[in-house]
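These notes concern the structure reproduced below.
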Amino acid sequence: MEMKELIRNAFTERFGTPEGEFFASAGRINLIGEHTDYNEGFVFPGAIDKVIMAEIRPNGTDRVRVFSIDIDEYCEFGLREEDAPEQGWARYIFGVCREIIKRGGKVGGFDTVFAGNVPLGAGLSSSAALESCFAFALNELFNEGKIDKFELAKIGQSTEHNYCGVNCGIMDQFASVFGKKGSLIRLDCRDLSYEYFPFAPEHHRLVLIDSRVKHELKDSPYNKRRESCERVAKSLGVPSLRDVSLAELNAVKVTLSDEDYRRAKYVIEERDRVLTVCAALERGDYDEVGKMMYATHEGLSKDYEVSCEELDFLADTAKELGVTGSRIMGGGFGGCTINLVENDLYDKFVTEAVARFKQKYGHEPKVYDVIISDGARRVE
Ligand code: GLA
């Protein structure tokens, strides 16, 4: 059954008529620029064809009643700060409501059923898709669409910070809200200026290999990585690592812990790689793009230390098979590699990578073709 129909049926069963309205938002990929967003650097994401979709109907009360089809759980909560629900998944929706209210926006009670096909914990930002879907919808339903898209992305990000324990940057929510079919987005996380980059390589395609090693960013080393970066920036007397050159970092190396030094070095190198990739894309130089992706993987694995054995294995396998570029994608600690593969090599790579991985780790990785799609929207 199609997702919309599934939601429709569950909604009527639980909440009766009349029908609600449908909204959706997307997961994201990121070509390059990992862990640069909270350092005021550049990122290069795009929304994908995997979404969270919700049917929503204001109910005239001050209560939110929500059913998650995928988790098969129901939750009900009020809209005051002290009404925060216990269930982790419901806190994303509660957080979005609260963040809108805190900004002076309106949110009344509503009934909703949602479902999705963004794989959880795969580094594809299912949580940003959920936040953006509700931020977009509640803006339409209660605020006449007056909250601008930048603020919608920030509402999702603040939800992570204040209700979900992850001190994330803005990339995921921005990509989920601003995503556009066929285009990647080069975003400057310092001032949120952005540019759409049509992405339709003639001889290559992007494919994700999901190790199915789960990650949980909350209470995870993710926040510790961010603290390292902030410590180094502070000791250099600058607001963020965006402004620091490698030479400047090296000049204070002896005053930093080895760990903080390596974290900062990775971020500074990654900031520059995003710009190199943009220039390479403009000249159609996919070999250069791929080289940068491998360099990112190396940095994320050795200096930033957010990879894991399975993902190193996948990136190494890609390299050995002659794939143009491959790297761990997203926050890390599990999830997917993103691979830039020549069309002619695609079948061989996917078959071999899956077989070799299964032989070594005993389970099959999942394979997702990347289709760059629209972000938050109303579904007719
Ligand atoms: C997670 C965070 C993002 C970003 C990436 C790493 O997805 O939510 O803000 O920091 O990790 O690039």
Side-chain angles (χ1 to χ4, degrees), residues 25-48 50 92 95 118-132 135 153-179 184-190 192 194 208 210 214-230 240-242 263-264 266-271 273-274 277 292-293 295-297 299-301 303-308 311 327-338 375:
S25 196
R28 61 105 188 87
I29 54 116
N30 183 28
L31 185 62
I32 199 151
E34 222 64 87
H35 291 275
T36 43
D37 58 356
Y38 53 82
N39 288 296
E40 299 193 336
F42 298 95
V43 291
F44 210 172
I48 53 173
K50 310 219 175 312
Y92 291 103
V118 191
L120 299 181
L124 299 178
S125 291
S126 51
S127 59
L130 180 57
E131 290 147 6
S132 309
K154 288 184 195 160
I155 284 166
Q157 184 193 23
S158 304
T159 296
E160 296 278 352
H161 292 183
N162 300 329
Y163 299 94
C164 309
V166 181
N167 247 335
C168 65
I170 192 73
M171 169 170 75
D172 303 349
Q173 292 77 12
F174 195 94
S176 189
V177 170
F178 283 80
L184 296 178
I185 312 166
R186 189 186 68 183
L187 172 66
D188 182 341
C189 298
R190 166 163 278 175
L192 298 189
Y194 67 101
L208 306 174
D210 181 0
K214 289 279 180 243
H215 71 180
E216 168 77 76
L217 293 187
K218 182 171 180 269
D219 295 329
S220 81
Y222 180 93
N223 292 351
K224 295 236 159 46
R225 296 299 182 280
R226 183 168 184 163
E227 284 160 23
S228 277
C229 297
E230 288 171 354
S240 71
L241 291 177
R242 164 70 172 267
R263 307 294 192 247
Y266 161 78
V267 167
I268 292 166
E269 289 169 349
E270 181 73 350
R271 172 198 63 198
R273 276 191 288 265
V274 182
V277 161
M292 292 299 118
M293 290 170 75
T296 295
H297 186 83
L300 286 172
S301 177
D303 289 332
Y304 220 64
E305 294 181 284
V306 295
S307 187
C308 58
L311 287 154
R327 66 174 194 82
I328 181 173
M329 190 184 73
F333 315 106
C336 294
T337 55
I338 179 167

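Indexing begins at 1, ligand by ligand and atom by atom, following the structure's order. Please read these numbers as outputs of a predicted model, since none were measured by experiment.
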Under 4.0 Å from a heavy atom of [X]: which atoms of ligand 1 are those, numbered in the order shown and with their elements?
| X | result |
| --- | --- |
| G169 | 9 (O) |
| Y38 | 10 (O) |
| G330 | 6 (C), 11 (O) |
| M171 | 4 (C), 5 (C), 12 (O) |
| R28 | 7 (O) |
| C168 | 2 (C), 8 (O), 9 (O) |
| D37 | 3 (C), 4 (C), 9 (O), 10 (O) |
| Y222 | 1 (C), 2 (C), 3 (C), 4 (C), 9 (O), 10 (O), 11 (O) |

### Task
Run the salt-bridge test on R225 and E305 with the 4.0 Å N-O cut-off and return the result as yes or no.
no
Salt bridge or not for K224 and E227, using N-O below 4.0 Å? no
CD1 of I48 to CG of L124, rounded to nearest 0.5 Å, is 4.5 Å
Taken to the nearest 0.5 Å, the spacing of E131 CD from S126 OG works out to 9.0 Å
Notebook entry, point to check: Do L300 and L311 have side-chain heavy atoms sitting under 4.5 Å apart?
Noted result: no
Contacts satisfying salt bridge (Lys or Arg N to Asp or Glu O under 4.0 Å) that involve residues 154-172 (not counting sequence neighbours) are R28-D172
Sorted by chain and number, sequence neighbours left out, side-chain hydrogen bond (donor to acceptor under 3.5 Å, both in side chains) with E34 holds for N30, R327
For ligand 1 and S125, I'd like to know whether there is a polar contact (N/O to N/O, distance under 3.5 Å).
no
Given 3.5 Å as the limit, does a donor-acceptor pair link the side chain of Q157 with the main chain of C168, or not? yes
Judged by heavy atoms only, the candidate from D172, N167, T36 nearest atom 1 (C) of ligand 1 is D172
- Item | Test item, M329 contacting ligand 1 (heavy atom, 4.0 angstrom) | no
